[in-house]
Protein chains: 4
Amino acid sequence: MPKIVDHDERREKIVEIVAEMLATIGVERTTIREIARQSGYSRGFIEHYFKNKEELTINTIRWVNERSLSRVDEALCGLSGLAALQTFGEQMLPVTHEIRNEWKIRMQFWGVAAVSHEHRREQARRSDAAEKSIIDYLEQAQQAGEVEKTIELLPIAHSFLHRLYGLACNATLRPGYFTRHRQMLAVQEMMAEFARPRSAD
Amino acid sequence: MPKIVDHDERREKIVEIVAEMLATIGVERTTIREIARQSGYSRGFIEHYFKNKEELTINTIRWVNERSLSRVDEALCGLSGLAALQTFGEQMLPVTHEIRNEWKIRMQFWGVAAVSHEHRREQARRSDAAEKSIIDYLEQAQQAGEVEKTIELLPIAHSFLHRLYGLACNATLRPGYFTRHRQMLAVQEMMAEFARPRSAD
Amino acid sequence: MPKIVDHDERREKIVEIVAEMLATIGVERTTIREIARQSGYSRGFIEHYFKNKEELTINTIRWVNERSLSRVDEALCGLSGLAALQTFGEQMLPVTHEIRNEWKIRMQFWGVAAVSHEHRREQARRSDAAEKSIIDYLEQAQQAGEVEKTIELLPIAHSFLHRLYGLACNATLRPGYFTRHRQMLAVQEMMAEFARPRSAD
Amino acid sequence: MPKIVDHDERREKIVEIVAEMLATIGVERTTIREIARQSGYSRGFIEHYFKNKEELTINTIRWVNERSLSRVDEALCGLSGLAALQTFGEQMLPVTHEIRNEWKIRMQFWGVAAVSHEHRREQARRSDAAEKSIIDYLEQAQQAGEVEKTIELLPIAHSFLHRLYGLACNATLRPGYFTRHRQMLAVQEMMAEFARPRSAD
DNA sequence: CATGAATGAGCCTTCATTCAT
DNA sequence: AATGAATGAAGGCTCATTCAT
C-alpha cells in the first residue's frame, strides 16, 4: 500500500507559505529555492505538486482571493443591504495584517496583470466579483427601502468599488497616513453617500 | 576632443524606451539585454549612462511621473477650481495610450513598493502630490463659491483621489469594461458630487 | 531517493582540477567557465558544491597546503632531528612536478595576500607551521646531541625557513637555473650549517 | 607649434601611480578605469602612452625594479666588500614603506610570472641582478681579505640571496612578526656567516 | 594631443527545470 | 512519493579596447 497523502492539503500548505513570502519579500525574491528553504520542503517536492512556477504562482493568487471571499462571506452571515455593504467594505480594506497581505499580493500581480492576459483575467475576476457583490447589496438595500428605488445602481456601485480599491491601494503605499482609523472613517463616508437625501425636492 | 553628447538627453531617450518596454512586456522581462536589443544600443552604452539597473529603473518611474505631471499642468493652463479638478481627473485617467502606459508602469512598481521602502516612497510621493493638487483645486472652488465654504475638504479630496486610483486600476485590469466613455462618465459623476446642493436648506 | 554522492569527495575532485589549473594557467585565467570546460562539469555543478568562487579558491589553496603537509608527514615517518629537517627541506623544495605546482599556487596568492587580510592569514599560517616544524626538529636534534645545546634555535630556524622560501621562490622564477640538482646541493649546504662545529674555542 | 610634452615624464608619472595602486589594492583591482580615476587622467590619455594594459603593467614592474636598484646604488656609494653587502641587504629588505611596496608589487607578479614566460623573465632578471651584485661584493671582500680566498662564492651568494628573498617574502606575509628590528638582526646573522672563522681545524 | 563615447567579450551568480534514483 | 544532483539559460555587471572628434 502506498502512502496516502492528501494532495490538496499539501498544495494548500505550500501555497500558504508562498502567499506569506509574496507579501513579505515580494514576487521577485520569492524563488523556488527560497520557498523550499522557508518551507522545509525540498525543491523537487514543490515541483511535484506544481508543474512549474507559473502554476504555483497563479494558484497562490487564486487562493488568496478565495480566502478573501470566504472571510467576507463569513463576516456577512445573515446581513444584507447597506449593513452588508458596510461589512463588505470593512472586510476588504487593509486594516488587519491578513488583509494588508492580501492587497500586497494583489498589487504584486497587478503589474504582471497589466502585461499578461492570464493574470489580468484572474485579477479582473476578483474585481468583477466584488462589483457584483456590491450591486447585490445595493439591490437588497433598495428592496428594503434603504436606498431610493429610482436611483441607478451601477454608477454608485462603481463609485464604491473604486473608492475601495483606491483606498486599499493608497493605504498600502502610504500606510502611515491611511491608518486603520482613517480607513474606517472613509467607509463611513462611503456609506453616508447612500443614506444622504439624493435630492432637495 | 571627443564627440560631445548631451547626457541628459541620452538618458531621457533611454528612459523613454524603458518606459515603453515596462508598459508593454513588464518589469520582469525588461532586462538590460532586452533594452539593448530593442533600442539598438549596446549593453555598455546603457551602462555608460546609468550605473546600474536600479538607477535606470528608478529614473524611469520618476520620469513617467514627471511627464504625467507636466501633461496635467499643461492641460490645466489657466484653469482653477472645479474646472481644474475635472481636467485633472480627465488627464489622469487611462483613456489614452500614453496615460494607460503610465498606469501600467505605476502598477508594475506598486508590487515592488509594497515590499520595498524606497519604491514605496517614490510611489507615495506621486499619490501625495495628486492629493495636494486636488485639495488646491477644491480650495479654489470654495473661494469661487463653486463649493460650499463650510464643507470639510479632506474627506472629499480623498474620495476623489481614491475613485481616481480605483478607476485607473480597474480600467487597467478590465480595459474592455472600463472604456474611455465609461471613465469619462465616471468623472462626471465625481464632479457631480461637488456640484450637488449639499443640503436642502 | 536521489543519487547519493559523497560531497567531500566531489569537492576534492573539483579542487584538484582547480589546483592544476592555477598552477598551469594562473589565477586570472582560472574562471569558473574555464574550470567547467576543462573538467567537463557544468557551471551549475561547480556552484552546487561551492557557493561562490571565493569559497572555491580558498578551499583550493587550503587543500594544496594540506596536501603539502601530508606529503611531508608521510616522508618523515619515524625520522627526527636533523634527518627529519633534511627530509623536510627536500620534501618542500620544488623538485617534483607536484611540489613545483604547490609553490606556483602559493605564489599566485602571495600577491593577493599582500593586499588582502584573509589571504594573508591563510598564507601566514602555512609559513608559521613550517617554522614550528623546523624548530621542533632542531629541538630534537639538540636532545640527540646533533646540535649544540647552547645554540639559540630561533635564528637558525629562521635562516632555514628563509633559505627554503627564497630558494623555492627563485627556483620557480628561474627554473632553468635552480635545477633539482642545485636545489639538493643547497639543502646539503643548509644542513652543513648545523653540523658544522659552531666554535672551536 | 604643437604643445611639447615630455612623454617619458608623463609615462613615469602614470607608472608611479600604478605602482602605488598595485601595492595598495592589488593587481586585480588596478583597472584602467581606477587608474584614470585616481590619477585624474582620462582613460584615453593613459592608453595614449601605453598601448595596452599589459604594457603598462610590465613597465610598472620594470620601473619598480629600476627604482629599487637606484636606491641601493645610491646607498652603496663608495662602499665595497662586506660593508657593501650589508648595505645591500638593508636596502633590499622591506623595512620602509617604499621597500615594502616594492616587494608587494613583486609578489603581485610572482604569481603571473609562475605561469607567464614574459613576466618570469622580468622577475628573473631582478633576481639574477641581485645575485650578481652579491657575488661582486663577495669578490671584493675576498680581495680585501674580509672573506677567505679559498671559499667558493656561489653557494654563499645563493644563501644570502635566498635568505633575503625568503625573509622579504615572509615579512610581507607576516608583517607583525618580522618587524624591522627582527629583519635587521637577520641581516646581522647573515653577515656573521661570512665573518665567522670557516674552520678551526 | 587628448577625450570620452561606445562596444562587446567575459565574469560571477541565480534560477527554473529535468531526471535518475 | 520524494529527493537533490545536475544542467544551462539568462541576469547584472566590469572591463579593456577602439575610434570619431
Side-chain angles (χ1 to χ4, degrees), chain A residues 1-7 10 28-36 40-57, chain B residues 1-7 10 28-37 40-57, chain C residues 1-7 10 28-37 40-57, chain D residues 1-5 7 10 28-36 41-57:
Chain A
M1 278 270 295
K3 198 170 11 168
I4 294 300
V5 296
D6 186 333
H7 271 232
R10 293 220 171 154
E28 200 170 351
R29 288 172 52 203
T30 302
T31 65
I32 289 193
R33 272 169 150 78
E34 192 60 29
I35 296 167
Y41 296 131
S42 73
R43 284 207 297 284
F45 180 89
I46 291 165
E47 278 164 25
H48 193 266
Y49 288 99
F50 300 92
K51 78 169 197 284
N52 56 30
K53 200 193 176 186
E54 177 66 13
E55 197 191 295
L56 174 52
T57 290
Chain B
M1 283 288 287
K3 191 168 32 166
I4 290 302
V5 298
D6 184 333
H7 270 233
R10 280 271 213 280
E28 199 168 351
R29 289 172 51 204
T30 303
T31 65
I32 290 191
R33 275 169 157 78
E34 190 61 27
I35 296 167
R37 205 169 301 139
Y41 295 133
S42 72
R43 284 206 300 287
F45 177 88
I46 292 162
E47 194 217 318
H48 194 63
Y49 291 99
F50 297 92
K51 76 170 194 285
N52 56 30
K53 201 194 178 186
E54 177 67 12
E55 196 190 293
L56 175 51
T57 292
Chain C
M1 284 288 287
K3 191 167 30 166
I4 291 302
V5 298
D6 184 333
H7 269 231
R10 281 271 213 280
E28 199 168 349
R29 289 173 52 204
T30 303
T31 66
I32 289 192
R33 274 171 155 75
E34 191 60 27
I35 296 167
R37 205 170 300 140
Y41 296 132
S42 72
R43 283 207 298 287
F45 177 88
I46 292 163
E47 193 218 318
H48 195 65
Y49 292 98
F50 297 92
K51 75 170 196 285
N52 56 31
K53 200 196 177 184
E54 177 65 13
E55 196 190 294
L56 175 52
T57 291
Chain D
M1 277 271 296
K3 197 169 16 165
I4 293 301
V5 297
H7 272 232
R10 293 218 171 157
E28 200 169 350
R29 289 172 52 203
T30 302
T31 65
I32 289 193
R33 273 170 149 76
E34 192 60 30
I35 297 167
Y41 296 131
S42 73
R43 283 208 296 288
F45 180 88
I46 291 165
E47 279 163 25
H48 194 265
Y49 288 100
F50 300 92
K51 78 168 197 284
N52 57 28
K53 200 193 177 187
E54 177 65 13
E55 196 190 295
L56 174 51
T57 290

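Each chain gets a letter, A, B and so on, in the order the sequences are listed, and its residues count up from 1.
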[X] to [Y] - nearest heavy-atom pair and separation:
X      : Y      : value
S42(A) : A36(A) : C-CB, 4.1 Å
R43(D) : R33(D) : CD-CG, 4.0 Å
I32(A) : E47(A) : CD1-OE2, 3.0 Å

At less than 4.0 Å, is any side-chain N or O atom of [X] found next to OP1 or OP2 of [N]? Yes or no.
X      : N       : result
H7(C)  : dG4(F)  : no
T31(C) : dC11(E) : yes
Y49(C) : dA5(F)  : no
Y41(B) : dA5(E)  : no

Problem - Non-neighbouring partners of Y41(A) that pass ring-ring contact (aromatic ring centres under 6.0 Å, His included), sequence neighbours left out - result: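 With sequence neighbours excluded, Y41(A) shows a ring-ring contact (aromatic ring centres under 6.0 Å, His included) to F45(A), given in chain and number order.
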Practice task
Could you check T30(C) against G44(C) and say which one's nearest nucleotide on DNA chain E is further toward the 5' end?
Solution key: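 Closest to the 5' end, via its nearest nucleotide, is T30(C).
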Between [N] ([atom2]) and [X] ([atom1]): distance, integer Å:
X      : N       : atom1 : atom2 : value
K53(D) : dC15(F) : NZ    : C1'   : 8 Å
I35(C) : dG8(F)  : CD1   : P     : 17 Å
I46(C) : dG8(F)  : CD1   : P     : 12 Å
R29(B) : dA10(F) : CZ    : C1'   : 14 Å
H48(A) : dC19(E) : NE2   : C1'   : 12 Å
E28(D) : dC15(F) : CD    : P     : 10 Å
L56(C) : dC11(E) : CG    : P     : 14 Å
D6(C)  : dA5(F)  : CG    : P     : 11 Å

Problem - T30(B) side chain near E34(B) side chain, heavy-atom distance below 4.5 Å - result: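 Side chain of T30(B) against side chain of E34(B), heavy atoms only: no contact under 4.5 Å found.
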Handout entry: Inter-residue atom distance L56(A).CG - Y49(A).OH, 0.5 Å rounding
Key =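 It comes to 13.5 Å.
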Practice task
To the nearest 0.5 Å, tell me how far I46(A) CD1 sits from N52(A) CG.
Solution key: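 With rounding to 0.5 Å, CD1 (I46(A)) is 13.0 Å from CG (N52(A)).
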Practice task
Kindly point out which of dT17(E), dA5(E), dT3(F) is positioned nearest to the side chain of F45(A)?
Solution key: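 Per side-chain heavy atoms of F45(A), the pick is dT3(F).
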Exercise for the section: Choose from dT7(F), dC1(E), dA6(F) the nucleotide whose nearest atom is closest to any side-chain atom of R10(D). Expected result: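 Nearest nucleotide to the side chain: dC1(E).
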Problem - Residue met sooner reading DNA chain F from 5', once N52(D) and S42(A) are mapped to nucleotides - result: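 With N52(D) and S42(A) compared, the 5'-side residue is S42(A).
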Practice task
For DNA chain E, just give me the dot-bracket, please: Watson-Crick or G-U, both distances below 3.5 Å, ( ) intra-strand, [ ] crossing earlier pairs, | paired with another strand, . unpaired.
Solution key: .||||||||||||||||||||
Exercise for the section: Classify the side chain of R43(B) and the base of dG11(F) as holding, or not holding, a donor-acceptor pair under 3.5 Å. Expected result: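 For R43(B), whose side chain was compared with the base of dG11(F), there is no donor-acceptor pair (under 3.5 Å).
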Exercise for the section: Using only heavy-atom distances, decide whether a donor-acceptor pair under 3.5 angstrom links the side-chain of R33(C) to the base of dG10(E). Expected result: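 Per atom types, no contact qualifies.
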Handout entry: Contacts of E28(C) that satisfy side-chain hydrogen bond (donor to acceptor under 3.5 Å, both in side chains) - sequence neighbours left out
Key =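 Expected list: none.
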Practice task
Would you indicate what F50(B) reaches in the nucleic acid, counting non-hydrogen atoms under 4.0 angstrom: base, sugar-phosphate, or nothing?
Solution key: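 The residue F50(B) makes no contact with any strand.
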